[in-house]
Amino acid sequence: MHRCLELARMGAGSVAPNPMVGAVLVYEHRIIGEGYHRQYGGPHAEVNCIDSVQAEDLPLIPLSTLYVSLEPCAHFGKTPPCSDLIIRNKIPKVVVGCRDPFPEVDGKGIEKLRRAGVEVICGVLEQACHDLNRRFFTFVTARRPYIILKWAQTANGCIAGDGGDRLLISNDYTNRLVHQWRSEEAAILVGTDTALQDDPSLTNRLWTGNSPVRMVIDRNLRLPVSLKLFDQQQRTIVINTIKAEEGKNLSYHKIPAEADSIESLLAIAVGENLQSILVEGGTALLQSFIDKGLWDEARVITNPLLTITKGLPSPVLKEYLPIQTEKIGTDTLSIYTKIQHPASSIQHPAPSIQ
Ligand code: AOF
Ligand code: ZN
């Protein structure tokens, strides 16, 4: 199953909004096939795994065990059901990492296999299999994107100067890491004040891969179109109460004046199939997510060498303790998760590797 997870991760950046999945076929302690879901819309892990078996090993398939990090599918989507493929290949035993909550599968794959006489073992490295696809799972089960809060703070807990001036807090290494994080999420969000004061691009320039879809809350359309956010270099969605307009790379989503900005933007993200959002500030927006309990991870960069006398205080995560803390150059990175895992399962994959 560890190998399945390793294979699955090779699909990072190419399979979203589908989950990352890896599969391994084993005959008497020897791997005779392995595969992973490589491309959105392409063959599933099980198909690539069975296809990889060498001609001389083909007779061993009906004597082997298939390990797969996610329940084999039971539905006709862009590809035919993997459970049928397993049954057709007469594989007698399947070990599943975790159940697929996608409504068209959701236990039906396991049931189909069992009804056909296949022995199925579930829940092996379940937490790790779940964590790998935490964005997909949250999107399917909670009907909202996976929410990652991110901020950088001084040693005395400030995220900006008191006039809201832009303050360079993180170092070259943590800046690069933030760009990697941007490459890993479907969307990125800032509030009106941050857009105005920092004029951020919110793109990924210091890492390989994609840039996220930019989202900005600008209820009364106060932001000047000269801001970098409006340069149309990357798809950008402006949540506002004044106009609806669909452009190629710039869309205005109108919400009712009485609507809650955060709940509206999450609904818009679901409509756009955006499975995750990196929230980059400012304090008021981050704190609203925390106060509503609408967050999954917080990644806090602290520069212990920088103290400012008057500044804007960073958000407060009262009763939470970091599940992981590491030194990056002189900065400290602390990761918090809203759902605290029991101590036995703190093998949380570092967020930088998805
Ligand atoms: C598997 N193995 O490797 C993956 C699965 O549109 P489709 O046909 O690609 O189906 C997408 C759904 O299939 C996806 O939402 C998830 O429930 C499941 N993904 N299942 O058996 C795989 N990637
Ligand atoms: Zn499948």
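Scope of the values below: all heavy atoms of this structure, side chains included, with no hydrogens, waters or symmetry mates. Numbers for residues simply follow the sequence, beginning at 1. We count ligands from 1, going down the list as the structure has it; atoms in each ligand are counted the same way.
- Using a 4.5 Å heavy-atom threshold, the side chains of R176 and W207 count as touching.
- Counting only heavy atoms of the protein, atom 18 (C) of ligand 1 lies nearest to D100 OD2, 3.5 Å.
- Heavy-atom contacts of C82 reach the following atoms of ligand 1: 21 (O) (cutoff under 4.0 Å).
- Near E71, meaning under 4.0 Å from any of its heavy atoms, are these atoms of ligand 1: 21 (O).
- Heavy atoms of other residues, nucleotides or ligands lying less than 6.0 angstrom from NZ of K327 number more than 12.
- A heavy-atom distance below 4.5 Å is found between the side chains of C98 and F137.
- A salt bridge between R222 and D193 is present, with a side-chain N of the basic residue lying under 4.0 Å from a carboxylate O of the acidic one.
- Below 3.5 Å of separation, one finds no N or O of L70 facing any N or O of ligand 1.
- Using 4.0 Å as the threshold, E104 has no heavy atom nearer than that to any atom of ligand 1.
- No hydrogens or angles considered: nothing links the side chains of N240 and H253 as a donor-acceptor pair under 3.5 Å.
- In this structure, of C73, A8, P19, the residue bringing a heavy atom nearest to atom 19 (N) of ligand 1 is P19.
- Each of the following atoms of ligand 1 lies closer than 4.0 Å to a heavy atom of F102: 15 (O), 17 (O).
- Heavy-atom proximity to P72, at under 4.0 Å, picks out these atoms of ligand 1: 21 (O).
- Of all atoms in ligand 1, listed by their number and element, those nearer than 4.0 Å to a heavy atom of T79 are 8 (O).
- Between the side chains of R205 and S211, not a single donor N or O lies within less than 3.5 Å of an accepting N or O.
- Taking every heavy atom of both residues into account, I159 and S314 meet most closely at CG2-CB, 3.1 Å.
- Remark: ligand 1 atoms within the under-4.0 Å shell around heavy atoms of N18 are 9 (O), 11 (C), 14 (C), 15 (O).
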Any chance you could lay out the ring-ring contact (aromatic ring centres under 6.0 Å, His included) test for W295 and Y146, step after step, and finish with the verdict?
CA-CA 7 Å; W295 64 285; Y146 187 85; over 10 Å; no
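- Inter-residue side-chain proximity for R135 and E185 is flagged as met; some heavy-atom pair is nearer than 4.5 Å.
- For the Zn ion (ligand 2), the count of nearby protein N/O/S atoms, taking only those under 2.8 Å, is 3.
- Between the side chain of R114 and the backbone N or O of V120 there is at least one donor-acceptor pair closer than 3.5 Å.
- For the residue pair N210 and S183, no side-chain donor N or O sits within less than 3.5 Å of a side-chain acceptor on the partner.
- Using a 4.0 Å cut-off to heavy atoms of F136, the atoms of ligand 1 that qualify are 15 (O), 16 (C), 17 (O).
- The backbone N or O of G282 lies less than 3.5 Å from a partner atom in the side chain of T194, making a donor-acceptor pair.
- Within ligand 1, the atoms closer than 4.0 Å to a non-hydrogen atom of V21 are 3 (O), 4 (C), 22 (C), 23 (N), numbered from 1 in the order shown.
- Remark: ligand 1 and G41 share no N or O pair separated by less than 3.5 Å (distance only, no angle test).
- The closest side-chain heavy-atom distance from T302 to D331 is not below 4.5 Å.
- With a 4.0 Å heavy-atom cut-off, ligand 1 is reached by no atom of A23.
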